[in-house]
Engineer: 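Okay, here's the structure, questions in a sec.
In what follows, every chain begins at residue 1, and chains take the letters A, B, ... in the order their sequences are listed.
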Amino acid sequence: MSEKNVTENFITQIINADLSSGKYSKVVTRFPPEPNGYLHVGHAKSICLNFGLAQDYQSVCHLRFDDTNPEKESNEYAEAIKNDVRWLGFDWNDKEFHASDYFDQLYQFAEQLIEKKLAYVDDQSPDQIRKNRGDFTTPGVDSPCRNRSVEENMSLFRAMKAGKFADGTKVLRAKIDMQSGNLNMRDPVLYRIRRLQHIKTGDAWCIYPMYDFTHCISDAIEGITHSLCTLEFEDHRPLYDWVLDNVDIDCHPQQIEFSRLNVSYTITSKRKLNQLVESKVVDGWNDPRMSTLSGMRRRGYPPEAIRNFVKDVGVSKKESVISMTVLEDAVRDVLNKTSPRVMSVLRPLKVVIENYPEGKVEMLTGSNHPQDESYGTRKIPFSRVIYVEQDDYKENANRKFFRLTEGREVRLRHAYYITCQEAIKNEEGQVIELRCTYDPESRGGTADGRKVKGTIHWVSAAHAEEVEVRLYDRLFNHPKPASVDHFMDSINQNSLEVIPNALLEPGITAHNEDVVYQFERNAYFKRDRTYEQGKPIFNRVVTMRDSWAKSELQSES
RNA sequence: UGGGAUGUCGCCAAGUGGCUAAGGCACCAGGUUUUGAUCCUGGCAUUCGCAGGUUCGAGUCCUGCCAUCCCAGCCA
């Protein structure tokens, strides 16, 4: 991968052309969330694009809160958004702005439009406005208020601002074209009356500007060069340009649309995400299964992995759904390089090593990372009674099974060769214990040139720590849950499996509480810091590739 | 049926008329390995939504058709 944050795409081509033609000498971008919810993967694409572009062009990206609708906005969301952007690895320095910073200027520009006979106050009800807008095949009908005089419009608009009218009784509209094929151009509403506390301006205003009027002007005021947004705003671009063309401002940013990021088996709609939270299907907005940045953070996804993922996926105008495997691969790629290795047995099966002295404890040395010596080594206690994974024993196993079965010898990771002598069953016929013997000469290497196919992990019974482990799987069964009629019906009922008493080698939970570990031969896990009572909890970040399990699955079917 | 957009391998995505259509993920086959992980090697679109046309030459240009997505908030 190149050192660039953003790989070449149609937007960088536009920027390069603008730079070489001399249209701009620097680029300024912006990430403009409305503080009315939590950020999710989809936002990650916009963040990485806008901030990444700014870095690539030695420039700046503004963080601008699009706070023009006090109805759903809160400071709590704004703080969470800032936290998430920082976590993702980006910084806006002192370039934090709010659309509300421009309310005065916006108001002046609105009066300008009135003076230019390009805006008017409309008395129609929302219902009448909707009816008169027409539809795809029917042209709109001019409002009876459309030809009010400049003076009348001005005094009416000032009266709106002064709070002389009730909420919803009047709006300021742009006078464009009620016949336009683009419904956004059929005299769009510019200002509405709404008596609500605003997170920044309190009750200073009772009229609030609409997105289409605010966004372009905010961009222009801040000197944004390239205003990047998602595809659904394509139809708004003519209006974006109309406003800037008709208002006295000497900056005209270019709006460029790209396709949203959709990931298979996930949902990013704010409404639906909220439904998951409200119905308690998940454990809050930061549930490790959520597509929110806070969820991915809690899950243990490294921010670098998300950045790499977004970069891998690219930027285009094609509507797409990226397979979750691409995200998982990006997560594994980072984790493989950065996670210390550790041994943990999730589903324990007792093993007694008959020829190992009772009461003896050896401290064996294990490397913390097989490919990176800088991670060092650690001491792991070994004794007569250990636990291995239930899956690592199979009765009457064939030659392809490299693990334990009667008479077969395997390597215990970082320890000795053991041979399974006997499996002890309970009354129901389940194997509850293995009797094995070990080869004292086999510690640390092949003693006599004997090779074993399998190496399995283990923990010493007397030393292991009990931990709770949570195994997460995709939240939905359907690859495009957003496309089904009732998305709640496609929820994967097995998206969380709790293992209350897994066993972890000692010495791990006492320190480095936020590192992601690889439980060898198993998966990556990160300590859940939202629960502090009781035994330590580990969330599974992502599984490892498992070609054995895959081939087993195939041979079954 | 109005307006706006998009169609290149299972999923993304390069390609801007001229060598045999990049790359990643997935998948398949081997090799290394004290993780059936990692790593390494090889395979994986005679063809670019379809049909015509222009051209010595077209995924790239033209015409027509088809498919999909977005738009009728005083949301963003």
Engineer: For nucleotides 71-76 of chain B, read 5' to 3', which letter fits each nucleotide if B means a protein heavy atom sits under 4.0 Å from the base, S means only the sugar-phosphate is that close, and - means neither?
Structural biologist: BBSBSB
Engineer: Roughly, in whole Å, what's the span from CZ in A:F309 to P in B:A13?
Structural biologist: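 Roughly 11 Å, once rounded to whole Å.
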Engineer: Using a heavy-atom cut-off of 4.0 Å across all strands, would you classify A:K400 as base, sugar-phosphate, or nothing?
Structural biologist: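 Counting heavy atoms under 4.0 Å across all strands, the contact made by A:K400 includes a base.
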Engineer: Salt bridge check, A:E389 against A:R403: does any charged N sit closer than 4.0 Å to a carboxylate O?
Structural biologist: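 A salt bridge is absent here (no side-chain N lies under 4.0 Å from a carboxylate O).
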Engineer: Using OP1 and OP2 only, check whether a side-chain N or O of A:T325 sits under 4.0 Å from B:A26.
Structural biologist: no
Engineer: Could you give the distance separating B:G31 and B:C69 at their C1' atoms, to the nearest angstrom?
Structural biologist: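 46 Å, rounded to whole Å.
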Engineer: Just checking A:F519: base, sugar-phosphate only, or nothing, at a heavy-atom cut-off of under 4.0 Å?
Structural biologist: nothing
Engineer: Going by an N to O cut-off under 4.0 Å, is there a salt bridge joining A:K72 and A:D67?
Structural biologist: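 No salt bridge links A:K72 with A:D67.
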Engineer: Per the side-chain contact (heavy atoms from CB on, under 4.5 Å) rule, which among A:T68, A:T214, A:D101, A:L190 passes with A:L106?
Structural biologist: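 With A:L106 as partner, A:T68, A:T214, A:D101, A:L190 yield a single side-chain contact (heavy atoms from CB on, under 4.5 Å), made by A:T214.
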Engineer: Taking the C1' atom of each, how far is B:C62 from B:G24, in whole Å?
Structural biologist: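 Rounded to whole Å, the distance is 35 Å.
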Engineer: How close or far is atom C1' of B:A13 from atom CD of A:Q13, stated in whole angstroms?
Structural biologist: 13 Å
Engineer: Measuring only the P atom in each nucleotide, how far is B:U6 from B:C74? A whole number of Å is fine.
Structural biologist: 27 Å
Engineer: How many Å lie between CD on A:E319 and P on B:A5, as a whole number?
Structural biologist: 13 Å
Engineer: Could you check how far CZ of A:F10 sits from P of B:A13, rounded to whole Å?
Structural biologist: 10 Å
Engineer: Rounding to the closest angstrom, what is the interatomic distance between B:G3 and B:G10 at atom C1'?
Structural biologist: 34 Å
Engineer: Partner lookup for B:C69, please. Criteria are Watson-Crick or G-U wobble with both distances under 3.5 angstrom; report none if nothing qualifies.
Structural biologist: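 Paired with B:C69, as far as the under-3.5 Å criterion goes, is B:G4.
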Engineer: Check nucleotides 38-40 of chain B for protein N or O atoms closer than 3.5 Å to its own N or O atoms and list the pairs.
Structural biologist:
unit_1 : atom_1 : unit_2 : atom_2 : d
B:U38  : OP1    : A:R545 : NH1    : 2.2
B:U38  : O2'    : A:N336 : ND2    : 2.8
B:U38  : O2     : A:Q371 : OE1    : 3.3

Engineer: If you look at every strand shown and take non-hydrogen atoms under 4.0 Å, does A:P139 touch a base, only sugar-phosphate, or nothing?
Structural biologist: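 The residue A:P139 makes no contact with any strand.
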Engineer: Is the distance from OP1 or OP2 of B:U8 to the nearest side-chain N or O of A:K318 less than 4.0 Å?
Structural biologist: yes
Engineer: Using a strict threshold of under 4.0 Å (side-chain N to carboxylate O), is an ion pair present between A:D127 and A:K131?
Structural biologist: yes
Engineer: Can you find a donor-acceptor pair, distance only, under 3.5 Å between A:R237 side chain and B:G4 base?
Structural biologist: no
Engineer: Considering every strand and a 4.0 Å limit on heavy-atom distances, what is the contact class for A:Q518: base, sugar-phosphate, or nothing?
Structural biologist: base
Engineer: Does NZ or CZ of A:K161 lie under 6.0 Å from the centre of the six-membered ring of A:Y107, at an angle within 45° of the ring axis?
Structural biologist: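 The answer is yes; both the distance and angle limits are met.
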Engineer: A:N262 CG to B:C25 P: how many Å, rounded?
Structural biologist: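 That distance rounds to 21 Å.
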Engineer: Is B:G73 syn or anti, taking syn as a glycosidic angle within 90° of 0?
Structural biologist: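 Syn conformation for B:G73.
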Engineer: Does the structure show a Watson-Crick or G-U wobble partner for B:C50, both distances under 3.5 Å? Name it, or say none.
Structural biologist: B:G64
Engineer: Among all residues two or more places apart in sequence or in another chain, which pass the salt bridge (Lys or Arg N to Asp or Glu O under 4.0 Å) test with A:R341?
Structural biologist: none
Engineer: Under 3.5 Å, which protein N or O atoms sit close to an N or O of nucleotides 48-50 of chain B? Give each pair with its distance.
Structural biologist:
none

Engineer: Taking atom P in both B:C28 and B:A14, what distance in whole Å separates the two?
Structural biologist: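 Rounded to whole Å, the distance is 27 Å.
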Engineer: Roughly how far apart, to the nearest Å, are B:A21 and B:U16 at atom P?
Structural biologist: 14 Å
Engineer: Compare the minimum distances between each of B:G36, B:C25, B:C12 and the side chain of A:V321, then state the nucleotide with the smallest one.
Structural biologist: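 Output: B:C12.
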Engineer: List in chain and number order the residues that pass salt bridge (Lys or Arg N to Asp or Glu O under 4.0 Å) with A:E520, two or more places apart in sequence or in another chain; answer none if no residue qualifies.
Structural biologist: A:R413
Engineer: Under a 4.0 Å threshold between the charged nitrogen and the carboxylate oxygen, would A:K394 count as salt-bridged to A:E552?
Structural biologist: yes
Engineer: Can the ring centroids of A:Y211 and A:H215 be said to lie less than 6.0 angstrom from one another?
Structural biologist: yes
Engineer: Of the candidate nucleotides B:U35, B:A13, B:G10, which contains the atom at the shortest distance from the side chain of A:S323?
Structural biologist: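 Nearest nucleotide to the side chain: B:G10.
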Engineer: State whether A:K550 places a side-chain N or O below 4.0 Å from either non-bridging phosphate oxygen (OP1 or OP2) of B:C27.
Structural biologist: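 For A:K550, the contact criterion (side-chain N or O under 4.0 Å from OP1 or OP2 of B:C27) is met.
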Engineer: For the pair A:R64 and A:D219, find out whether any cationic side-chain nitrogen is under 4.0 Å from an anionic carboxylate oxygen.
Structural biologist: yes
Engineer: Rounding to the closest angstrom, what is the interatomic distance between B:U47 and B:U20 at atom C1'?
Structural biologist: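 About 12 Å, rounded to a whole number of Å.
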Engineer: Under 4.0 Å between a side-chain N or O of A:S547 and OP1 or OP2 of B:A37?
Structural biologist: yes
Engineer: With both distances under 3.5 Å as the test, what is the Watson-Crick or G-U wobble partner of B:C19?
Structural biologist: none
Engineer: Paired with B:C74 by Watson-Crick or G-U wobble geometry, both distances under 3.5 Å: which nucleotide is it?
Structural biologist: none
Engineer: Have a look at A:L231 and say if it touches a base, only the backbone sugar-phosphate, or nothing, with a 4.0 Å heavy-atom cut-off.
Structural biologist: nothing
Engineer: With a 4.0 Å cut-off, would you call A:K337 and A:D333 a salt bridge?
Structural biologist: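 Salt bridge present between A:K337 and A:D333.
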Engineer: Look at all strands and tell whether A:T137 reaches a base, only sugar-phosphate, or nothing, counting heavy atoms closer than 4.0 Å.
Structural biologist: base
Engineer: What integer distance in Å separates A:I380:CD1 from B:U35:P?
Structural biologist: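 After rounding, the gap between these two atoms is 14 Å.
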Engineer: Hey, which sits more toward the 5' end of RNA chain B by its nearest nucleotide, A:E8 or A:G454?
Structural biologist: A:E8
Engineer: Should A:K4 and A:D56 count as an ion pair when the cut-off is N to O under 4.0 Å?
Structural biologist: no
Engineer: Are OP1 or OP2 of B:G4 and a side-chain N or O of A:Q255 less than 4.0 angstrom apart?
Structural biologist: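 For B:G4, neither OP1 nor OP2 has a side-chain N or O of A:Q255 closer than 4.0 Å.
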Engineer: Within the structure, does a side-chain N or O atom of A:K451 lie under 4.0 Å from either OP1 or OP2 of B:U34?
Structural biologist: yes
Engineer: When the P atoms of B:G23 and B:C66 are considered, how many whole Å apart are they?
Structural biologist: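 It comes out at 37 Å once rounded to the nearest Å.
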Engineer: Would you please name every residue forming a salt bridge (Lys or Arg N to Asp or Glu O under 4.0 Å) with A:R307, sequence neighbours left out?
Structural biologist: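 So A:R307 forms no salt bridge (Lys or Arg N to Asp or Glu O under 4.0 Å) with any residue.
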Engineer: I'd like to know if A:D392 pairs up with A:R521 as an ion pair, taking the criterion as any Lys NZ or Arg NE/NH1/NH2 lying under 4.0 Å from an Asp or Glu carboxylate oxygen.
Structural biologist: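 Looking at A:R521 together with A:D392, the answer is yes, because their closest N to O distance falls below 4.0 Å.
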Engineer: Pick one: which of A:R378, A:Q518, A:E373 meets side-chain hydrogen bond (donor to acceptor under 3.5 Å, both in side chains) with A:N368?
Structural biologist: A:R378
